[in-house]
Amino acid sequence: MTSLATTEAEASARAEPRSSGRLVMASAVIVLVAWVLVPIYLLVVNALGSVAAVTAWPKALVPEFDLASLAFFANYAGVPRALLNSFLVAGLTMVLSIGLGAPAGYALARFRFPGANLFRLAVLMTRAFPLPLLALPLTVLFIRVGLDDTIIGLALVHTTLAMPFAVLIMASLFMSIPEELEEAAWTLGCSRLSAFRKVVLPLALPGIAAAGIFAFVISWNEVFAAAVLTIENKTLTAFLLQSLDVSPLPLKFAGGAVLIVPALLFLFAVRKYLFSLWGIANR
Amino acid sequence: MADIDIRQVAKRFGSHQALHAVDLTVADGEFVVLLGASGSGKTTLLRIIAGLETASEGTVSIGGRRVDGLPPRRRGIAMVFQNYAVFPHMTVFDNIGFGLAMQKIPAAEIERKVRRVAGMLHIEELLKRYSGQLSGGQRQRVAVARALAVEPAVLLMDEPLSNLDALLRLEMRAELKGVLQESRTTTIYVTHDQVEAMSLADRIAVMHEGRIVQAAPAPEVYHHPATRFVGSFIGNPPMNFLPASREGQGARVAGHLFRHAPASDGALAFGIRPEDLAPAGEGFAGRVKVVEPLGPHQLVTMDLAGHLFRAVLDNDLAVRPGETLVLAPRPGRARWFDADSGASLAEITQPEPVTGA
């Protein structure tokens with residue numbers, strides 16, 4: 001009897017630190033999730049609610065699916081144009097990031113060359129300079145070469161922002177494809193290029209698409225460069241930043257929802273590749 | 001079908017010398033095994049022949065044609081990789097037909113050839129599957145079929161069986177031998193497994209520290225090792241070595257005098273395989289330490305003048321630890337080695353009775 005009691009006490013003593021650790025972990029997770037989800041929830045509820053419901057409190061748990069705010073937003077002067085610009089810039093950013101990032105990632109993954117580590121670092125260093133610092137010289141430069149207020153000019157800046165991620169995602173992607181597969185292709189009649197096309201590319205395609213979508217999202221969400229570098233050809237973020245100040249509340253919420261929903265969906269679709277980038281899971 | 005001629009091939013990785021001026025010729029249709037421990041340079045040599053690695057020096061010719069400047073696809077080779085390298089995004093059929101499709105062979109011809117090699121390796125029923133749906137042994141068969149489908153002049157295999165479990169390895173080894181005998185393709189096969197090497201090879205090239213130390217048929221490598229390393233690397237349990245001291249024309253080994261020893265400048269070592277010892281009235285007398293029954297034989301470990309000495313003896317011989325056992329080498333099986341260089345000097349041809357004690 002006593003021995004049973006002791007063992008039970010021992011067992012609970014042993015279990016205690018683990019369960020308290022679990023409690024801390026769980027509350028941290030809840031706080032983090034709430035931190036991300038509550039604003040999104042409020043945004044979506046207000047965007048989908050009727051114009052009157054926006055100022056109401058408490059909020060309905062389930063939105064009313066009144067599309068008036070969104071319809072108003074869609075018809076607001078300049079919105080369709082800004083939306084198109086955002087798509088064009090983000091699309092171009094995606095193409096450029098893949099076009100430049102894939103070869104760079106492949107080189108990092110497959111070749112040992114002097115300065116490989118320096119290159120890897122330099123790729124990351126492009127994110128070390130805050131954009132506000134670069135904005136003025138960039139604007140001056142862009143005006144000089146005629147790239148100011150153009151889609152391509154903004155896409156170039158966004159490509160610079162997206163490139164580190166594109167390169168590192170694709171480097172880890174190519175590293176995960178065994179070199180022997182390529183070598184086998186070489187021995188079976190492939191050149192380096194055709195082996196890449198027939199063996200590496202089909203295997204890398206989902207990951208490359210993920211890196212591209214990630215670049216798209218970075219561009220889609222970017223405000224600062226877009227606001228500074230464009231006047232006529234504003235992207236949605238820049239447009240909202242400029243005009244929302246003076247807009248009614250429902251429009252603000254509708255604009256916010258339109259901005260974040262595509263980004264969220266895309267990120268959700270490519271989440272496993274982002275994990276692999278940070279080494280959390282390999283596949 | 002082609003012969004291979006490797007001349008003075010050396011390879012350096014930075015300051016590390018992986019291969020030292022290797023020479024090797026392989027006859028048309030011959031099956032040569034490169035046998036060595038990891039780091040001996042055997043895979044590097046294979047990859048240089050394949051064109052996946054460039055030699056720092058030397059030349060490689062296949063079928064009388066210099067290939068060392070050519071990319072792998074122009075060398076007329078096919079290769080089987082250690083981890084199979086079956087393309088995961090293609091069916092087994094497309095894998096086997098990959099090399100043929102690269103040669104722009106008509107589809108009907110590809111179909112016929114793929115079915116023929118798939119038949120040889122008993123994987124006809126797997127042709128529609130993907131690599132992820134195959135077991136290790138099946139992947140291995142696909143990899144071999146893919147290499148044979150292109151009817152290469154030279155087939156290169158890099159430890160193809162090392163990822164299989166023991167039973168499957170035994171089965172695949174026998175099957176591989178049958179298939180390759182049938183195809184009569186010149187083959188270079190890399191392995192660290194001496195049993196695999198002996199069972200498959202027409203000729204074994206034993207590699208050690210970036211050099212081929214002996215290239216000869218399996219029985220010769222086994223019975224007449226060119227160096228002390230070959231003697232200790234091949235054979236399980238390994239060859240026994242004992243120090244010898246010269247005495248007149250002969251040499252004394254573990255207290256026993258052999259009347260004739262080769263004349264050379266350096267110190268001598270005496271080598272004998274554990275299988276080549278038999279109980280005798282006169283010979284090496286040692287105290288038995290351990291007796292291990294091995295089924296058909298028993299492995300006896302003795303203490304012979306302070307040296308460990310192993311003998312594989314018949315099972316019917318009653319041996320107990322602590323006893324003193326007298327063993328003599330079988331005629332023609334013991335060898336003298338140079339103690340410093342390890343080079344084999346001569347065989348001891350006569351059953352020399354031991355004089356003195």
Side-chain angles (χ1 to χ4, degrees), chain A residues 98 102-103 105-119 169-212 269-270 272-273 276 281-283, chain B residues 13-14 43 46-47 49-53 62 67 70-90 94-105 110 130-132 139 142-160 163:
Chain A
I98 293 175
Y106 184 81
L108 274 180
R110 281 289 190 268
F111 303 117
R112 265 169 293 165
F113 53 93
N117 282 326
L118 191 70
F119 178 71
I169 289 176
M170 285 193 267
S172 79
L173 178 69
F174 288 129
M175 264 185 252
S176 74
I177 297 172
E179 223 169 333
E180 286 85 357
L181 291 181
E182 260 181 285
E183 292 178 341
W186 299 342
T187 62
L188 290 166
C190 284
S191 63
R192 189 144 211 148
L193 193 69
S194 62
F196 182 83
R197 201 160 45 80
K198 283 177 190 288
V199 174
V200 179
L201 200 58
L203 293 172
L205 214 49
I208 291 177
V270 302
K272 77 171 181 182
Y273 292 96
S276 83
N282 200 11
R283 292 261 118 190
Chain B
F13 293 107
T43 295
L46 192 80
R47 290 173 59 85
I49 299 166
L52 298 172
E53 209 85 65
I62 295 176
V67 296
L70 300 178
R73 65 181 191 280
R74 302 211 194 287
R75 294 189 176 203
I77 53 124
M79 186 155 167
V80 178
F81 292 81
Q82 184 172 5
N83 54 9
Y84 322 135
V86 174
F87 304 132
H89 59 299
M90 296 178 194
D94 289 338
N95 261 285
I96 300 175
F98 186 85
L100 300 169
M102 288 306 295
Q103 296 171 15
K104 309 256 184 280
I105 286 171
I110 292 179
Y130 286 89
S131 149
R139 262 177 237 172
V142 174
V144 174
R146 183 176 66 184
L148 287 176
V150 296
E151 287 159 27
V154 171
L155 180 62
L156 305 172
M157 308 182 103
D158 185 7
E159 308 225 14
N163 283 0

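Small disclaimer: the values here were computed from a predicted structure and weren't measured. Note that these values count all heavy atoms, side chains included, but never hydrogens, waters or copies made by symmetry. Within every chain, numbering begins at 1; the chains are lettered A, B, ... in the order of the sequence lines, protein sequences first and strands thereafter.
A distance-only check finds no donor-acceptor pair linking the side chain of B:H89 to the backbone of A:L201 [under 3.5 Å].
Looking only at heavy-atom pairs under 4.5 Å with chain B, the residue among A:C190, A:P202, A:A185 that has the most is A:C190. Interface remark: of the candidates A:E179, A:E180, A:K198, A:E180 forms the most heavy-atom pairs closer than 4.5 Å to chain B. Contact count against chain A (heavy-atom pairs under 4.5 Å) is highest for B:P88 among B:A50, B:A78, B:A149, B:P88.
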### Message
Quick one, A:E183 with B:M79, criterion side-chain contact (heavy atoms from CB on, under 4.5 Å). Give me CA distance, side-chain angles, the key distance, then yes/no.
### Response
CA-CA 9 Å; A:E183 292 178 341; B:M79 186 155 167; over 6 Å; no
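Both the backbone and the side chain of A:S191 come within contact range of chain B, each with at least one heavy atom under 4.5 Å from a heavy atom of that chain. Only the backbone of B:V86 comes within contact range of chain A, judged by heavy atoms closer than 4.5 Å. B:I77 touches chain A through backbone and side chain together, each having a heavy atom under 4.5 Å away.
The CG atom of B:L155 sits 10.0 Å away from atom OG1 of A:T187, with the distance rounded to the nearest 0.5 Å. A:R192 CZ to B:R73 CZ: the interatomic distance, rounded to the nearest 0.5 Å, is 11.5 Å.
Considering only residues two or more places apart in sequence or on other chains, B:Q82 meets the side chain to side chain donor-acceptor pair (under 3.5 Å) condition with B:S162.
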Would you list the atom pairs, donor with acceptor, under 3.5 Å between side chains in residues 94-104 of chain B and any protein atom, with sequence neighbours excluded?
| from | atom 1 | to | atom 2 | distance (Å) |
| --- | --- | --- | --- | --- |
| B:D94 | OD2 | B:T91 | OG1 | 3.4 |
| B:N95 | OD1 | B:F87 | N | 2.8 |
| B:N95 | OD1 | B:R146 | NH1 | 3.2 |
| B:N95 | ND2 | B:F87 | O | 3.0 |
| B:N95 | ND2 | B:M90 | O | 3.3 |
| B:N95 | ND2 | B:T91 | O | 3.2 |

